[in-house]
Amino acid sequence: MAALFTGKVLTGNREREEVETERELNRALENKVLLLYFGSGQCPRCRRFSPVLKDFFLRLTDEFYVERASQLGLVYVSRDETEEQQRAFLRTMPKRWLALPFGDTFKREMELRFGVAEVPAVVVLKPTGEVILENAVEEIQRLGPSCFRNWQEAAELVDRNFLLAQDFEEWSPRSITDPFRRLRYKVEKAREEEEKKGRKEEGEESL
């Protein structure tokens with residue numbers, strides 16, 4: 001996904017921190033569903049929707065709600081009239097949000113690429129840059145955080161936090177302790193086979 005912003009600068013949502021190197025972008029956006037939020041702090045419809053989007057994002061990424069952040073990133077593409085308006089709006093939004101710098105001409109290119117005519121608009125992208133949804137505003141309002149699961153499946157994300165060793169083939173996630181039970185079973189099974197082999201060898205020697 002960082003390829004979308006190659007040669008561009010994104011800013012972090014605190015202290016005007018710039019996120020511009022390929023390594024930093026990869027760390028921030030790799031293996032994630034990306035939301036491009038086209039909006040404005042002055043637009044009445046955006047003012048109604050932005051708190052909904054903020055709550056949506058926090059419930060999927062903030063440690064207050066979840067033990068680990070979902071594979072979700074967001075870049076704000078502003079239609080604010082001034083840089084101060086953009087900064088004031090972002091100060092009320094989650095720290096994990098990134099933003100295109102105010103006045104960046106790349107904004108217009110992105111609006112044309114993704115067919116954004118009105119705000120608010122939320123374009124949902126796979127890590128490859130392919131579009132999952134052209135505008136998810138209505139879906140976010142209607143379904144809330146539960147719609148992320150559909151995006152995650154559509155994006156075919158690899159959940160590296162729960163990636164199991166190949167030994168656990170055909171594993172189904174029935175409970176969090178299931179992998180450990182299976183591993184213990186394999187160890188005990190191997191021990192039984194070893195003991196059985198030892199008893200058999202002892203029996204042959206006694207004949």
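Hydrogens, waters and symmetry mates play no part in the numbers below; they use all other heavy atoms, side chains included.
For Gln42, the CD atom counts as densely surrounded, since its 6.0 Å shell holds more than 12 non-hydrogen atoms of other residues, nucleotides or ligands. No more than 12 heavy atoms of other residues, nucleotides or ligands sit less than 6.0 Å from atom CZ of Arg149.
By the 4.5 Å heavy-atom criterion applied to side chains, Leu100 and Met110 are counted as neighbours. Proximity of Leu74 to Leu34: side-chain heavy atoms (C-beta onward) are nowhere separated by under 4.5 Å. Looking only at side-chain heavy atoms (C-beta outward), Leu133 and Val123 stay at 4.5 Å or farther from each other. Considering only heavy atoms from C-beta on, Glu30 stays 4.5 Å or farther from Pro127 through its side chain.
In this structure a side-chain-to-backbone donor-acceptor pair under 3.5 Å is present from Ser146 to Leu143. Within the 3.5 Å criterion, the main-chain N or O of Ala28 finds a donor-acceptor partner in the side chain of Lys32. At least one donor-acceptor pair under 3.5 Å links the side chain of Tyr76 to the backbone N or O of Gly39.
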Carefully, step by step, assess Leu53 and Trp97 under the rule side chain to side chain contact (heavy atoms under 4.5 Å, CB included). CA-CA 11 Å; Leu53 181 61; Trp97 282 21; 3.9 Å; yes

Given Val66 and Leu60, is the side chain to side chain contact (heavy atoms under 4.5 Å, CB included) satisfied, shown in steps? CA-CA 7 Å; Val66 291; Leu60 288 166; over 6 Å; no

Evaluate the side chain to side chain contact (heavy atoms under 4.5 Å, CB included) criterion for residues Phe5 and Val75: first the C-alpha distance (whole Å), next the side-chain angles of each, then the deciding distance (0.1 Å), finally the verdict. CA-CA 11 Å; Phe5 299 101; Val75 174; 4.1 Å; yes

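Judged purely by distance below 3.5 Å, without hydrogens or angles, the side chains of Gln152 and Gln71 pair a donor atom with an acceptor atom.
Checked against ring-ring contact (aromatic ring centres under 6.0 Å, His included), Phe56 has the following partners two or more places apart in sequence or in another chain: Trp151.
The pair Arg45-Glu118 meets the salt-bridge criterion, with a side-chain N (NZ, NE, NH1 or NH2) lying under 4.0 Å from an Asp/Glu carboxylate O. Ionic pairing of Glu84 and Arg91 is present here: one or more N-O contacts between side-chain nitrogen and carboxylate oxygen are shorter than 4.0 angstrom. A salt bridge is absent between Lys8 and Glu109; no separation between the charged side-chain nitrogens and carboxylate oxygens falls under 4.0 Å.
Here the options are Gln86, Glu111, Gln85, the test is side chain to side chain donor-acceptor pair (under 3.5 Å), and the partner is Arg79; only Glu111 passes.
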